Structure formats: C-alpha cells, structure tokens
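To keep things clear, I will list the structure first and then write my remarks on it.
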Amino acid sequence: MKLIYTFGTDGIREKHPFLNEIIAYLVGKSFCKAINKKNKVVIGYDTRFNSYSMALAIASALVSEGFKVELSRDYISTPALAFITKYYNCYGFQITASHNPYNYNGIKILFKGLKIDEKLEKEIELTLNSYLDSIHEDFSNYLNLFQKPTNSNNNFKISDLLKIYIDKILVYIKNYLDNLKKYTIILDLSNGALSKYAPVIYRKLGAKVITLNNKPDGFNINQNCGSTNIESFKKQFIKLSKNYNNPIGLSFDGDGDRVIAIYKHNGQIITLDGDTILLIISKYLKNELKMSIKSVALTHMSSLGIEKAFQEEGIKVIRTDVGDKYLTKQILENGVDMGAEQSGHIIIPPFLYTGDGILSSLFLLTSLKKIDPYPIIQNLQKYQQKLINIPVTDKKKFINQNNDLFRKISQNFPDVRIFVRPSGTEEVVRILIESQDQQKIIQVQNIINQEVRT
C-alpha cells in the first residue's frame, strides 16, 4: 500500500485542501484504532482559517469511539498544549503547521508532554491510508459539534486550557525570576496562537509590553512576520526601541514553540538565535545558580562556533538530526540537560520536554539580569554557513546518487563541514556548507551546482 499521508519531522503537514477536515477525521479514527485505553484527549489549534474545523473533526472521531475529549476554548500554542498533556497525563492533538504559511496545516500528536514515538506514528499512518478506500458515513457527525459544546453522553466539552498553562508557567518561573519590571518587551506574535495570551504573561511579571502582528484573521499567520522573518521584525524593533529603556524583542512562530530574540548594545542591534539563547541560559544556570549542566543537544545545522563555545564552558555537545523531537530523545534517553535548534526551538526540562518559546524567553530574560550577552557574542568563533535547497522528486534516491560526490568534497575540503538532509516538510534536500573561509564555501557550492545529479 502506498502511503499518501505520513508523519514528517513534526507531525503530518500538507497544504490545504490536501490536508482537510476529512483527513483530520480519519487521523482521529486511526489514532483510536492504535490506542487501547479510551482515556481523555485534549485538542488545541492555531489561528489558521481551517484549524478549528479540523480540531472538531478529530474530536468527532474520538468521541464516536468512546474517548473523552476536551477542546481548547481558544487557539493555543503547541507548547501550551504539550504542557496540558503532561499536566493531565494524557494524549493531545495540536492542529498547526508551525512556521509554515496559512495555506498549510498540520496535525501533531502528543503524549504526556512529548511527541508520540515513531512506532505509534507508523501504526497510525498504515490505518489512515487504508481508510482512504473506505470513508466512514459517520464523518458528518462532527458538524454537530459546531452547534453544541457538549453532547448527551458528556464526552465532549470546551475548556479553558490556556488558564491552566498560564497559571502553572507563572508559578514555575518564579523559582528563577522575581519580575520583569526593568524591561520593555516588544513582541512579534506572528499572528499566531500566542497572539492573545503571551502579552498577559509578560505583563503579569511586570514588564511593559508592545505587541506586533497579534491580529490573526485565519490567513495571515507567519505572513511576512514572526521568527522566520526576523529581518522584518528587526526594522520594526529599531523604530520602536528608540523610545524605551532596556528594550528587548522576542519573535515567535505561529504555534509558539520557537523564539528568536533581539536586543541593543551601544546602538548596535544584536540577534540571538536558538543556539545562542541556550548558550546564555546555560552559562547563567551553571555559573550563577551553580546547577549541573554537563551536556546539551544541538542539531547538525548548528555552527561549529557555537559548539566550541559550549565546550569552553565545560559543556559537551551532542549532535542530532533536525527536529526538536530528536533533542528530546537525547534528553530523555541519554541524560542530556537541555537542547536547542538555531531556528528557536529550545528545550528546558523539567517543566516541558518540547520547545516552548515563552518558557525559553523567560529563562533568557532571567539570565540577562546577571549576564551581559555581548562578550559572549563577540567571543564566538565566526563560521560562515550557506544553505542550498535542491528540489527533488525522490529525496532518498537523490542522496544515494550523490553520496560519492559529498564524500569527495569532504576529503578535498577538510576544513569545510558539509551536511545533507532531506526536508521533513517539503520535496527538497537541504545541503549545509560551513567554513571560516567564505571563498571555500563558494568553491564547494560551485562544485555542487555543477556536479550534483538530480
């Protein structure tokens, strides 16, 4: 059987209408077939135009199979829902395509604060794709959930899941942070799931808050804003920050599991990516709070410069595949203390074992009260990186065909790091070239352009 719908690096993700309410319903049915115990399941969704209806479709599938479902009253970020699954000790579905544009959507499945394992993913995939030949008549039941917030068996209700998350994260962070009264925080909320409640959290901690891109309309999520459009945010930050003391910018993606930070030093604008934020937090926890930070997980996309900076702090770096679930795996299975991706996924247990932009930013703000990040940035060894995206029809075949070329490049350019990986969400293969010598990067790029077999 050919698998049409599969789990990528972070759930099932496709453009609408290829991923729609019918498929969401069948994902819910497939999940029910794979899970023996019919316990509570929580469901969240982001601000995309069809996220709520997809959430209702999954809820209908679960209710029809005897599960008890709690649907978030409002849109909610992935990390907030992950915390709810940990808090309730249950499974959860998040309807989101993360940092992708509005015309994509996706389904992430969580269990006790973590992404589900690959064995369960495969089981759901097989059942889902077999269902495509036999659409169930009871799919239309989900339409009833638009009209009634509960049903006769009390198996479905709409709950204020956000209140639990907000209350718990505020209690937790006060172990490290007394207040944010000295800060003016400029938020780029990406017209995403954090749009309503992120400002509430920072204001409750005493910060002055300015919000940008916090008016989701179902179509503008991640549109020329958020952590994947940091240059646009930087321009807005430069204008706004002139009027305030201690300004810091925080830019999130649509589902709130990434954060990139911006701050000013003597008029210079400094950008902190996920790796650098984790380095600052690690130095604070290790040197100021005397916590044991022995190792961190970084992906293969992280620069050699950041790896050497961690090593200088006496912190071992473990490299993983791209995707925060691989960072989590190192934390849970190999005792790594924390993890991060350049893109802004940062994992700081034990509050949560998945990326949480708000939690990461609160730890960063705590660290900045004691640590000046500018010397850290200045001391990083500078490595240049070039990322090439090559469109392909068969990612695995492309990599196999070109392995000899990549090996030859590595042998001929020993001071150049080359890393090849298939995208988990697009039909492209990504090739990272890294070196301290920009000319060698150009040489390697030219060789790839001329000799790669597509």
Side-chain angles (χ1 to χ4, degrees), residues 44-52 55 72-81 83 94-105 160-163 165-167 169-170 173 180 183-244 246-263 271-272 343-346 355-362 364-365:
Y45 50 93
D46 67 14
T47 57
R48 286 172 173 81
F49 68 97
N50 67 330
S51 287
Y52 183 65
S72 181
R73 189 184 311 277
D74 213 332
Y75 46 78
I76 189 171
S77 68
T78 298
L81 191 86
F83 176 79
Q94 175 72 354
I95 311 303
T96 181
S98 191
H99 61 282
N100 291 99
Y102 80 91
N103 58 327
Y104 281 81
N105 217 327
D160 193 353
L161 301 179
L162 273 175
K163 186 178 185 305
Y165 171 79
I166 292 170
D167 289 347
I169 198 171
L170 286 172
I173 202 62
L180 294 172
Y183 289 109
T184 297
I185 300 176
I186 302 172
L187 300 175
D188 180 349
L189 298 170
S190 198
N191 294 313
L194 294 178
S195 293
K196 283 186 179 178
Y197 72 90
V200 173
I201 292 174
Y202 299 105
R203 286 185 179 122
K204 280 182 176 289
L205 291 168
K208 181 176 179 60
V209 177
I210 300 167
T211 55
L212 302 170
N213 302 310
N214 65 325
K215 294 180 173 59
D217 61 11
F219 298 91
N220 60 357
I221 187 170
N222 298 317
Q223 188 177 56
N224 302 319
C225 59
S227 60
T228 53
N229 293 274
I230 202 67
E231 292 303 317
S232 174
F233 178 51
K234 195 181 293 185
K235 292 175 184 176
Q236 293 173 298
F237 178 82
I238 291 170
K239 291 180 183 178
L240 292 169
S241 62
K242 294 176 182 177
N243 305 318
Y244 301 99
N246 298 314
I248 186 160
L250 300 172
S251 184
F252 302 89
D253 70 332
D255 75 333
D257 58 1
R258 300 182 182 193
V259 64
I260 302 293
I262 297 176
Y263 80 104
T271 302
L272 305 176
S343 61
H345 282 127
I346 303 165
D356 184 341
I358 288 181
L359 181 70
S360 305
S361 71
L362 292 175
L364 172 64
L365 293 166

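None of these values were measured; they are calculated from a predicted model.
- Interatomic distance, Gln94 CD to Leu81 CG, rounded to the nearest 0.5 Å: 5.0 Å.
- Using a distance-only test at 3.5 Å, with no hydrogens or angles considered, a donor-acceptor pair links the side chain of Asn222 to the main chain of Gly254.
- Heavy atoms only, all atoms of each residue included: Phe252 and Ser361 are closest at CZ-OG, 4.4 Å.
- Between Leu364 and Ala261 the shortest heavy-atom distance is CD2-CB, 3.6 Å.
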Evaluate the criterion side-chain contact (heavy atoms from CB on, under 4.5 Å) for residue pair Ile185 and Ile248; output intermediate values, then yes/no. CA-CA 5 Å; Ile185 300 176; Ile248 186 160; 4.0 Å; yes
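- How far CG of Asn214 is from CG of Leu189: 5.5 Å, rounded to the nearest 0.5 Å.
- In this structure, CZ on Phe219 lies 8.5 Å from CG on Asn50, to the nearest 0.5 angstrom.
- A side-chain contact (heavy atoms from CB on, under 4.5 Å) with Ser190 is found for exactly one of Ser227, Ser251, Cys225, namely Cys225.
- Side-chain atoms of Asn191 and Thr47 include no donor-acceptor pair closer than 3.5 Å.
- Separating the CD1 atom in Ile76 from the CG atom in Leu161 is a distance of 5.0 Å, to the nearest 0.5 Å.
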Show your working on side-chain contact (heavy atoms from CB on, under 4.5 Å) between Ile95 and Arg48 and close with a plain yes or no. CA-CA 9 Å; Ile95 311 303; Arg48 286 172 173 81; over 6 Å; no
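- In terms of heavy-atom proximity, Gly256 sits nearest to Leu194 at CA-CD1, 3.7 Å.
- Although no hydrogens or angles enter the test, the distance criterion places no donor-acceptor pair under 3.5 Å between the side chain of Asp46 and the main chain of Gly192.
- A 4.5 Å side-chain heavy-atom check between Asn105 and Ser51 finds at least one atom pair inside the cut-off.
- Ser232 and Asn224 are not linked by any side-chain donor-acceptor pair at a separation below 3.5 angstrom, with hydrogens and angles left out of the test.
- Looking at Leu365 and Leu205, their side chains never come closer than 4.5 Å, going by heavy atoms from C-beta outward.
- Contact record, Val209 with Tyr202: CG2-CB, 3.7 Å, taken as the closest heavy-atom pair.
- In this structure a side-chain-to-backbone donor-acceptor pair under 3.5 Å is missing from Tyr104 to His99.
- Minimum interatomic distance between Tyr165 and Ile358 (heavy atoms only, all atoms of both residues): OH-CB, 4.0 Å.
- Between Asp253 and Thr228, the side chains place no donor N or O within less than 3.5 Å of an acceptor N or O (distance only, hydrogens not considered).
- Rounding to the nearest 0.5 Å gives a distance of 6.5 Å between NZ of Lys204 and CG of Leu170.
- Looking at Phe233 and Ile186, their side chains come closer than 4.5 Å, going by heavy atoms from C-beta outward.
- How far CZ of Phe237 is from OG1 of Thr271: 9.5 Å, rounded to the nearest 0.5 Å.
- Between Pro199 and Ser195, the shortest heavy-atom distance links the atoms CD-O, 3.8 Å.
- Side-chain atoms of Ser98 and Asp255, non-hydrogen and from C-beta on, do get closer than 4.5 Å to each other.
- Looking at heavy atoms from C-beta onward, Leu162 lies out of side-chain contact with Arg73 at the 4.5 angstrom threshold.
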side-chain contact (heavy atoms from CB on, under 4.5 Å) between Thr184 and Leu240: does it pass, once the steps are laid out? CA-CA 10 Å; Thr184 297; Leu240 292 169; over 6 Å; no
